[in-house]
Amino acid sequence: MTKPSFYITTPIYYPSDNLHIGHAYCTTVADSLARFHRAKGEDVFFLTGSDEHGLKIQRKASEKGITPIEYVDKIIANFKLLWKRLNISNNDFIRTSEARHEKVVQDVLTRIYEQGDIYKKNYEGLYCVPCESYWLERQLVDGKCPDCGRPVEKMQEESYFFKLSKYQDWWLQFIEENPDFIQPASRRNEMINFVKQGLEDLCITRTTFDWGIQVPFDKKHVVYVWFDALLNYLTGIKYGTDDEMFHKFWPASLHLVGKEIVRFHTIIWPIMLKAMGMEMPKKVYGHGWLVVDGDKMSKSKGNVIDPLGLIDEFGADAIRYFLLREINLGSDGNFSRDALISRVNADLANDLGNLLNRTVSMIEKYHGGIITNAGVTEAVDEDLKVLIATTVSGYVEAMDKLEINKAIRDVWALISRANKYIDETAPWALAKDVANTARLQTVLYNLADTLRIVAILVEPFIPTTSPKIYTQLGLQVPEQFLLEDVVYGKLANGTKVQKGDPIYPRIEVTEDGATIIGGKRYEHAPAPVAAVEEAKGEPVKAVVEPIKPEITMDDFAKLDLRVGTVIAAEKVKKSKKLLKLQVQIGEEERTIVSGISQYYEAEQMVGRNVIVIANLAPAKLMGIESSGMILAASDGNGNLVLADAPGIASGSRVK
Ligand code: ME8
């Protein structure tokens, strides 16, 4: 029998900057759904990637004096690092700059052009560069882009247009016949109202810049970034090159996107597919936005949260759990450190962590670690077993409806019930009389089997925790956790538990705001890297230190500042702060140890140009001789950003 297939996608993110917690949220949601469908035994394809073309990226790269591909390569290395650290199980990562994608875009464009749905005309319009969108005067809000509120620019070009208007009636009928296509329902109504106002044909080529895919029938033009980007969903499953794979996964089961890009995915994308004669995706879900401490994330406010810093401090599962548990998928949600810490302590350390710890400890203490189902049951056991069965069915139903936090709440109700079962059955009292041995064995079996079931159910949310639970229960970790195993009684008699460390140490918060987790102290929230990147234009508020006493030009001239290129980097063992860098300065290569490890990953450093004090006397740090120092700006709030000189030859003097 062929397995059902499930194809899920995230938006492909712009590599104009590092990703923040909002992007991590969307990808974590998609990952939990992909994992859930794998646990159902389905054949899953989970795609994410990067949307690399367009004027915005071209301008960012030229500001830095590097080519667009050099610019995006670096940022995409960070995307991939983030997904790895967050345990995202995507099956592929599509980059729109790849040849496989260029071919799909050019083929599709040619096909739609040849059938007469694309035409050329002169166009003058108001363009929003950050959104890569043209607007009509009447669509502007206070003269600004209605999507992002930023100023628009007048642009004039000869362009090709895609006949969206021709498909307006078809679209309205399609939406009427497929009421579940756009979710949640509120977004569906918004889209219907938008289309009813009249669809304009879409300008799908540009001549004012060249960072894009060339239009095959008119080489002066590049393809509009959204027309290019949406097609990633076809390239990712080998459209045009592997029919078997393509037909296995198309139509997509779910395009998960943020609410601001529902329009592109539910109007433009279906019409592109219709023009190509293709089947429609089954569902587009527009999730809500994450705000931070009640405030919209913004680089000027300096409240853009870097997920890598959070993962360093709290671990990936804690962040995933918080995002999935705390936020209703269709609504906006709030991120706050305090709420994160309370959630982790209450749900993961207390409820789940203690249940495992108590159960395994008692099995060791009373039965030498051996789990036995002695079959001496009482009424209270029935209660637990019924709850297991109803939890599982409620969980599956909630996950199928994308009510992820409801599914999590259901599992935690089972965990709480199991903790209560310990109090009700009082194993420590049973242990006092050998006549109760069989009953005690049964009680502890029920607890261990509940934990086995919980481990399978939580895997989509906290995937590194489930193997830890299995290992402590003495079970072999399967390659794939399967929902068919979430039935009571599958835990084999004679299994021997292996007590381990607490799966979630409690997070202590000190008076000065530091956290202590598993004996390690974290001074402050790690720097919001994404904020720092852009803070070059809009400074974050700094703690200003007094200026040092005056020096002369001669004093300054003693410093030899050079551009160096980092050619290798690694963390210094046993140090939280230090990275060991190999830096090329002209012909010379030297080792520099730098205290930037809380702000930059070793992988992010390689290939980066830094500014080095080249004539500083060598010093030993953690036993390593460091020859020079690299310059960085630090504001005393825990933000640190390296001074750099992209595109300048190594060895160049800095004056
Ligand atoms: O729009 N809260 O890319 P993008 C929750 N390249 N989610 C957020 C968020 C927040 N504060 N901020 C961003 C693009 N997101 C296009 C997509 S797809 C063919 C092309 C998430 O880098 C959310 O999912 O601007 C949103 O839709 C997406 O990131 C936008 O990412």
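All ligand and atom numbering here is 1-based and tracks the order in the structure. Quick note: residue numbers are just sequence positions, from 1. Because the structure is predicted, anything quoted here is derived from the model rather than measured.
No donor-acceptor pair under 3.5 Å is formed between the side chain of Gln173 and the backbone N or O of Trp170. Distance alone, capped at 3.5 Å, places no donor-acceptor pair between the Asn90 side chain and the Thr48 backbone.
For Trp412 and Tyr321, the ring centers are positioned less than 6.0 Å apart. Phe322 has its ring centre no less than 6.0 Å from the ring centre of Phe314.
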Give a table of atom pairs where an N or O of ligand 1 lies under 3.5 Å from a protein N or O.
residue	atom	partner	partner atom	Å
ligand 1	2 (N)	Leu290	N	2.8
ligand 1	6 (N)	Ile12	O	2.8
ligand 1	6 (N)	Asp51	OD2	2.7
ligand 1	7 (N)	Gly22	O	3.2
ligand 1	11 (N)	Leu290	O	3.2
ligand 1	22 (O)	Tyr14	N	2.9
ligand 1	24 (O)	Gly258	N	3.3
ligand 1	24 (O)	His287	NE2	2.8
ligand 1	27 (O)	Gly258	N	2.9
ligand 1	27 (O)	Glu260	OE1	3.4
ligand 1	27 (O)	Glu260	OE2	2.8

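Residues satisfying the salt bridge (charged side-chain N to carboxylate O under 4.0 Å, His left out) test with Arg95, not counting sequence neighbours, are Glu52, Asp73.
At most 12 non-hydrogen atoms from other residues, nucleotides or ligands lie less than 6.0 angstrom from NZ of Lys274.
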